[in-house]
A.B. asks: 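The following block contains the structure, expressed as structure tokens.
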Amino acid sequence: MTARARRALFPEVIIERDTDTEESSDEEEEEEEEEVENDVVEMDDPEVEEVKVKGKEDGGSSTAINIKKGKSPITISLKKVCKVCKKTGHQAGFQGATYIDCPMKPCFLCKLPGHTTVNCPHRAAMEFGVIPASRKRTLNSLDYVFERQMRHKVPSIKPAFVIPDEVNCAVIRYHSRRVTCLEFHPTNNNILLSGDKKGQLGVWDFSKVYEKTVYGNIHSCLLNNMKFSPANDGTVYAASSDGTVSCTDLETGLSTSLMDLNPNGWQGGNSWRMLYGMDLNAEKGLVLVADNFGFLHLVDVRSNSKKGDSILIHKKGTKVVGLHCNPVQPDLLLSCGNDHFARIWDIRRLEVESSLHGLPHSRVVNSAYFSPLSGSKIVTTSIDNRIRVWDSIFGNLDTPSREIVHSHDFNRHLTPFRAEWDTKDPSESLVVIGRYISENYNGAALHPIDFIDISTGQLIAEVMDPNITTISPVNKLHPRDDVLASGSSRSLFIWRPKEKSEIVQEKDERKIIVCDRKNNKKFGDGSDNDDDSGHDDILSKKGKNLKSKSRKPNLVIASCSSSSKKKKKS
DNA sequence: AACGAATGGCGCC
DNA sequence: TGGCGCCCCTTCGT
């Protein structure tokens with residue numbers, strides 16, 4: 001419902017004011033009415049009892065004057081007003097840890113009218129939150145062939161997914177602002193790189209919890225994307241909203257700027273260029289970056305110079321948020337952005353409007369990635385609350401082969417959610433993505449991280465921890481190990497399968513501290529490490545220590561065999 | 001502890 | 001086309 005419609009439905013209500021003394025023209029009176037009405041509309045307190053309502057039959061004359069003239073306004077008591085639509089009779093908002101939708105609004109999850117999130121068919125089983133949509137069928141012969149061909153491609157026996165299901169260690173206040181991107185080291189299994197909203201680059205050896213480095217002088221604002229150099233795994237490229245592409249040596253922290261789109265500094269917000277999407281083309285030695293005006297820029301790594309002209313690849317003036325080169329054919333480039341499209345390009349023939357395919361979405365596309373091994377599939381995440389799977393083999397890119405309803409529509413103030421492939425999965429079917437909508441777990445509203453099989457649409461696992469009360473939009477699966485890294489607000493988390501983390505615990509006698517952020521208490525081995533000046537910004541934990549203390553049963557709800565779990569649906 | 005700010009997208013006028 | 005208000009399941013700092 002639009003704001004206007006809501007306002008129209010709401011009775012005209014004003015509050016008597018004692019400052020209303022001066023004479024006013026009709027125009028000003030209207031203004032005053034508007035202002036007063038807004039005062040009421042903005043009231044959050046449902047307990048407000050005494051307000052004076054101007055009846056519709058008043059004919060629009062000023063009630064302020066009526067009051068002055070002594071006409072007693074109608075007095076009613078407004079109890080329980082829905083804070084979303086301002087109507088009475090229902091309430092929206094959190095009740096405990098469960099959010100109740102306003103019934104006047106479309107479903108918050110699937111965006112369709114007629115029901116609320118609680119009753120959404122895509123959320124039939126409450127304890128699992130999100131049930132994927134069935135494949136959109138067109139029921140024509142091409143579709144049938146397409147389906148059959150795809151089935152052939154997908155191995156009939158898939159390896160069991162190993163779902164990291166326990167927080168192995170966590171670093172709190174590693175970054176001073178929210179985490180924007182994560183990247184595992186290409187050869188060193190224990191190194192995780194993280195970028196944040198301030199432009200800082202973190203390097204963390206999560207096998208030795210305290211070993212971390214933060215480089216704060218590479219970028220001045222949002223570090224949107226980074227990639228390791230294929231030629232040198234000690235070098236990382238990064239694209240930032242400060243308009244520069246950096247090349248950083250991880251050992252020394254020395255950084256060079258490959259490109260600066262704002263050479264003249266700040267000339268106002270309308271001209272400031274920001275870089276979002278980035279990828280590398282190893283064959284050609286190129287860094288590809290895209291900006292918030294719809295342009296793609298190529299930088300030659302060897303000569304450190306811009307190559308060719310910038311090319312408009314999305315609607316002029318719109319942000320290009322993602323770039324990805326095809327793993328098999330690196331000349332194939334996938335881009336996505338705020339013009340509601342993902343597009344496939346041949347970088348050997350880059351011209352305006354020369355894209356090979358345009359993948360339409362109903363809203364902004366947060367990410368688009370080729371499948372990691374064959375490069376034949378594409379997964380896109382759009383803020384219309386849908387993960388889409390596209391198949392490029394048969395060129396049928398007009399419609400997605402699958403749409404999975406999944407709650408991640410909340411771009412403001414959060415790093416955009418992106419479905420990320422598990423590059424270890426030979427069947428190219430597992431993706432991980434954080435969930436925006438919360439689950440009520442024992443009275444706590446938690447935001448799980450979902451593992452989804454995109455070949456079936458099934459929710460394989462949802463991972464959460466009572467100590468992580470913030471939303472986790474940034475997630476990355478380890479390229480070789482069964483490890484998940486999550487960025488949640490300013491914190492980083494490493495998840496492993498339970499067995500593995502227990503082995504690590506036996507080896508590791510390190511003092512472990514867990515921060516219970518809700519109660520602002522630390523627990524773990526009982527000692528306080530606040531005075532541990534070297535590490536006071538690090539709060540880490542291992543699952544076993546956590547469990548031995550007063551914690552609820554292991555919260556992590558993760559399973560490969562979901563058959564036994566989906567029984568409560570009624 | 002209440003509040004403002006963050007620079008995000010969209011629909012409306 | 002651009003400016004503005006709304007969205008209203010955020011998070012942090014003051």
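Naming: A, B, ... by sequence-line order, numbering from 1 per chain.
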A.B. asks: Using a strict threshold of under 4.0 Å (side-chain N to carboxylate O), is an ion pair present between A:R363 and A:D409?
C.D. replies: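 Between A:R363 and A:D409 there is a salt bridge, with a charged N closer than 4.0 Å to a carboxylate O.
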A.B. asks: Atom NZ of A:K315 and atom C1' of C:dT1: how far apart are they, to the nearest Å?
C.D. replies: 11 Å
A.B. asks: Let me know the distance between CG of A:L414 and P of C:dC8, rounded to the nearest Å.
C.D. replies: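 The answer, rounded to whole Å, is 15 Å.
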A.B. asks: Calculate the interatomic distance between A:D409 atom CG and B:dC10 atom P; express it in whole Å.
C.D. replies: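 Interatomic distance, CG of A:D409 to P of B:dC10: 9 Å.
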A.B. asks: Please tell me which of the listed nucleotides, C:dT11, B:dC10, C:dC9, lies nearest to the side chain of A:Y99?
C.D. replies: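 For the A:Y99 side chain, the nearest candidate turns out to be C:dC9.
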A.B. asks: I'd like to know whether A:H175 forms a side chain to side chain donor-acceptor pair (under 3.5 Å) with A:S194, so could you lay out the CA-CA distance, the side-chain angles of the two residues, the decisive distance to 0.1 Å, and finally the verdict.
C.D. replies: CA-CA 9 Å; A:H175 287 282; A:S194 50; 2.7 Å; yes
A.B. asks: What distance, rounded to whole Å, do you find between the two P atoms, one in C:dG5 and one in B:dG4?
C.D. replies: 16 Å
A.B. asks: For a quick test of reading the model, state the closest non-hydrogen atom pair linking A:N292 to A:R273 and the distance between them.
C.D. replies: OD1-CA, 3.5 Å
A.B. asks: Look at the side chain of A:I437 and decide which nucleotide, out of B:dC10, C:dG13, C:dC9, has an atom nearest to it.
C.D. replies: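 So the side chain of A:I437 is nearest to C:dC9.
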A.B. asks: Does B:dG9 have OP1 or OP2 sitting under 4.0 Å from an N or O in the side chain of A:N338?
C.D. replies: yes
A.B. asks: Can you tell me if A:K319 touches the phosphate of B:dG9, counting only side-chain N or O atoms and a distance under 4.0 Å to OP1 or OP2?
C.D. replies: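 Indeed, a polar side-chain atom of A:K319 lies that close.
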A.B. asks: What integer distance in Å separates A:N366:CG from B:dC10:P?
C.D. replies: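 After rounding, the reported distance stands at 10 Å.
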A.B. asks: Starting from the 5' end of DNA chain B, give me the residue, A:H413 or A:V321, whose nearest nucleotide shows up first.
C.D. replies: A:H413
A.B. asks: A:K197 side chain N/O closer than 4.0 Å to the phosphate oxygens (OP1, OP2) of C:dC12?
C.D. replies: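 A:K197 to C:dC12 OP1/OP2: no side-chain N or O under 4.0 Å.
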A.B. asks: Scan A:H340 against the nucleic acid and name what it touches under 4.0 Å (heavy atoms): base, sugar-phosphate only, or nothing.
C.D. replies: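 Result for A:H340 = sugar-phosphate.
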A.B. asks: If you pin A:N270 and A:G93 to their nearest nucleotides in DNA chain C, which one's is more 5'?
C.D. replies: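 Result of the comparison: A:N270.
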A.B. asks: Is a donor from one side chain sitting under 3.5 angstrom from an acceptor on the other, for A:E420 and A:Y369?
C.D. replies: yes
A.B. asks: Closest to the A:I471 side chain: C:dT10, C:dG13, B:dG9?
C.D. replies: C:dT10
A.B. asks: Could A:K319 and A:Y276 be counted as a cation-pi pair, given that NZ or CZ must be under 6.0 Å from the ring centre and within 45° of the axis?
C.D. replies: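 Cation-pi check for A:K319 and A:Y276: passes.
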A.B. asks: Mind checking A:R178 for me? I need base, sugar-phosphate or nothing, with any heavy atom below 4.0 Å counting as a touch.
C.D. replies: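 Nothing, no heavy atom under 4.0 Å.
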A.B. asks: Rounding to an integer number of Å, can you tell me how far A:K111 NZ sits from B:dG9 P?
C.D. replies: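 Rounding to the nearest Å, NZ of A:K111 and P of B:dG9 are 15 Å apart.
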A.B. asks: Rounded to whole Å, please give me the gap between CZ in A:F410 and C1' in C:dT11.
C.D. replies: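 After rounding, the reported distance stands at 10 Å.
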A.B. asks: Could you tell me if the ring centre of A:H324 sits under 6.0 Å from that of A:W345?
C.D. replies: no
A.B. asks: Tell me the interatomic distance from A:D339, atom CG, to B:dC10, atom P, rounded to whole angstroms.
C.D. replies: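 Distance, rounded to whole Å: 10 Å.
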A.B. asks: For C:dT14 versus B:dT7, give the span between their P atoms, rounded off to a whole number of Å.
C.D. replies: 16 Å
A.B. asks: Please pick, from B:dC10, C:dT11, C:dT10, the nucleotide with the shortest atom-to-atom distance to any side-chain atom of A:T470.
C.D. replies: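 Nearest to the side-chain atoms of A:T470, counting from C-beta on, is C:dT11.
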A.B. asks: Please report, rounded to the nearest Å, how far the C1' atom of C:dC12 is from the CZ atom of A:R412.
C.D. replies: 15 Å
A.B. asks: OP1 or OP2 of C:dC9 less than 4.0 angstrom from a side-chain nitrogen or oxygen of A:T117, does that happen here?
C.D. replies: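 For C:dC9, neither OP1 nor OP2 has a side-chain N or O of A:T117 closer than 4.0 Å.
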A.B. asks: Which residue lies toward the 5' end of DNA chain C, A:F94 or A:R177, if each is placed at its nearest nucleotide?
C.D. replies: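 It is A:F94, whose closest nucleotide lies nearer the 5' terminus.
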